[in-house]
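Quick note on labels: first sequence line is chain A, next is B, and so on, each numbered from 1.
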There are 2 protein chains.
Amino acid sequence: MARVATTTDAFNAVAEPRRRQILDVLAGGERPVTDLVTELGLAQPQVSKHLKVLREVGLVDVREQGRQRVYRLNGRPLQPIHDWVRQYERTWNERFDSLDELLEELKEKEKRDENSGE
Amino acid sequence: MARVATTTDAFNAVAEPRRRQILDVLAGGERPVTDLVTELGLAQPQVSKHLKVLREVGLVDVREQGRQRVYRLNGRPLQPIHDWVRQYERTWNERFDSLDELLEELKEKEKRDENSGE
DNA sequence: TTGATATATTCCTATATGGGTATATAATCC
DNA sequence: GGATTATATACCCATATAGGAATATATCAA
């Protein structure tokens, strides 16, 4: 098998830097494709193809307006990424003071002790 | 060109679900490869290859212990992902009450107005 | 109708990948 | 030393990219 499809989930869709750029632009408000083309300095077909991927994972919505397709950001599919990464925040952040994180720490220690006794 | 290399950054390394699984296990404390093999139910060479990718982006560190290689999580490379995704939190979260986010909102509106007048 | 503009789709190609399998390497035990 | 255990690497293969280029499709303008 090859790599997981880019359209599998937001994790994969967003791994491509161009697609993150597109979302970053759309974060500033909805845009027709041509705007994205000029702002990204990418060829039009490539932009359309990236938009297709983003559409398939639900990260953007389209609205037809004359001959233009206006794309709008929909961040919801990013939430699973946020949730997953957030669990690791304490691994790079010194301060972990909430009760929640303290409990996480304890669970970690438990598992570590279990494991070292083999 | 093909897809961006998995070893380019944490975004790409972590897009593969198996590698997220590995990190999830390592979040419970450092582990030798064999433990990961049994916990993931994956073949040993595959695990080693995934670990190599994770090593190359700095998401894990290794420590030699006899004939074992004990892998340990290093979450720091995840921070850019966290930072990027966090900017989109308001797109799925109803409550955005901080001044910071309010300013973001205003900037957004500005750009949107600029854009609609064309 | 003809032409121009906006966007999507198709075809091409090079490339990296992920799993499978076999093997290399190294440490440990007898 | 020889056997076993732990891990990494090499090789093969099917596959899905991402960009490039050309073209299809649709809408608007004159």
Participant: To the nearest Å, how far apart are Arg18(A) CZ and dA18(D) C1'?
Facilitator: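 In whole Å, dA18(D) C1' lies 10 Å from Arg18(A) CZ.
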Participant: Atom CZ of Arg67(B) to atom P of dC29(C): distance rounded to whole Å?
Facilitator: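 Result: 6 Å.
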Participant: Where the side chain of Arg19(B) is defined as all heavy atoms beyond and including C-beta, which of dG18(C), dA8(D), dT7(D) is the nearest nucleotide?
Facilitator: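 Of all the options, the side chain of Arg19(B) is nearest to dG18(C).
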Participant: Kindly say whether, by distance alone, the side chain of Gln68(B) makes a donor-acceptor pair under 3.5 Å with the base of dA27(C)?
Facilitator: no
Participant: Of the nucleotides dA8(C), dA6(D), dA16(C), which one has an atom closest to the side chain of Arg69(A)?
Facilitator: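 The closest nucleotide is dA8(C).
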Participant: Please report the distance, rounded to the nearest Å, between CD in Glu64(A) and C1' in dA26(D).
Facilitator: 10 Å
Participant: Report yes if at least one side-chain N or O of Tyr71(A) is closer than 4.0 Å to OP1 or OP2 of dA6(C); otherwise report no.
Facilitator: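 No.
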Participant: Would you mind telling me which of dA18(D), dA14(D), dC11(D) lies closest to the side-chain atoms of Thr6(A)?
Facilitator: dA18(D)
Participant: Can you see whether Asn12(A) engages Arg19(A) through a side-chain donor-acceptor pair at a distance of less than 3.5 angstrom?
Facilitator: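 No, no side-chain donor-acceptor contact under 3.5 Å.
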Participant: So, is the end of the Arg63(B) side chain (NZ or CZ) under 6.0 Å from the ring centre of Tyr71(B) and within 45° of the ring's axis?
Facilitator: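 No, cation not above the ring by the 6.0 Å, 45° rule.
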Participant: Can you name the one residue among Leu40(B), Leu42(B), Val47(B), Leu23(B) that meets side chain to side chain contact (heavy atoms under 4.5 Å, CB included) with Arg18(B)?
Facilitator: Leu42(B)
Participant: Would you mind reading off the distance between Gln46(A) atom CD and dC12(C) atom C1', rounded to a whole angstrom?
Facilitator: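 One finds 12 Å between C1' of dC12(C) and CD of Gln46(A), rounded.
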Participant: Can you tell which of dG20(D), dG20(C), dA8(C) lies closest to the side chain of Ala43(B)?
Facilitator: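 Nucleotide nearest to Ala43(B)'s side chain: dG20(C).
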Participant: dA8(C), dG20(C), dT17(D): which one has an atom nearest the side-chain heavy atoms of Val33(A)?
Facilitator: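 Between dA8(C), dG20(C), dT17(D), the one nearest the side chain of Val33(A) would be dA8(C).
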Participant: I need the CD-C1' distance between Gln44(B) and dT21(C), as an integer number of Å.
Facilitator: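 Rounded to the whole Å, the gap is 12 Å.
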Participant: Hey, mind stepping through Phe11(B) and Phe11(A) against side chain to side chain contact (heavy atoms under 4.5 Å, CB included) and telling me if it holds?
Facilitator: CA-CA 8 Å; Phe11(B) 276 100; Phe11(A) 276 101; over 6 Å; no
Participant: Any luck finding a side-chain donor-acceptor pair between Tyr88(B) and Asp24(A) under 3.5 Å?
Facilitator: yes
Participant: Does Gln65(A) or His50(A) map to a spot on DNA chain D nearer the 5' end, using the closest nucleotide for each?
Facilitator: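 Going by which nucleotide is closer to the 5' end, it is His50(A).
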Participant: Can you identify which nucleotide, out of dA14(C), dC11(C), dG19(C), has its nearest atom closest to the Ala2(B) side chain?
Facilitator: dA14(C)
Participant: I want to verify a distance call: between dA18(D), dG18(C), dA8(D), whose nearest atom is closest to the Glu16(B) side chain?
Facilitator: dG18(C)
Participant: Can a side-chain donor-acceptor contact be found between Asn93(A) and Arg76(B) if the only test is distance below 3.5 angstrom?
Facilitator: no
Participant: Heavy atoms under 4.0 Å, any strand shown: does Ser48(B) hit a base, just sugar-phosphate, or nothing?
Facilitator: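 The residue Ser48(B) makes base contact.
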Participant: CG of Leu51(A) versus C1' of dT7(C): gap in Å, rounded?
Facilitator: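 Going from CG in Leu51(A) over to C1' in dT7(C) covers 10 Å.
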Participant: Can you tell me which nucleotide in dT17(D), dT4(D), dT9(D) comes closest to the side chain of Lys52(B)?
Facilitator: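 Nucleotide nearest to Lys52(B)'s side chain: dT9(D).
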Participant: Between atom CD in Gln21(A) and atom C1' in dG19(D), what is the gap in whole Å?
Facilitator: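 Interatomic distance, CD of Gln21(A) to C1' of dG19(D): 15 Å.
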Participant: What is the separation between atom CG on Leu36(A) and atom P on dA8(C), rounded to the nearest whole Å?
Facilitator: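 Whole-Å distance recorded here is 10 Å.
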Participant: Both Thr7(A) and Pro45(B) contact DNA chain D. Which one's nearest nucleotide lies toward the 5' end?
Facilitator: Pro45(B)
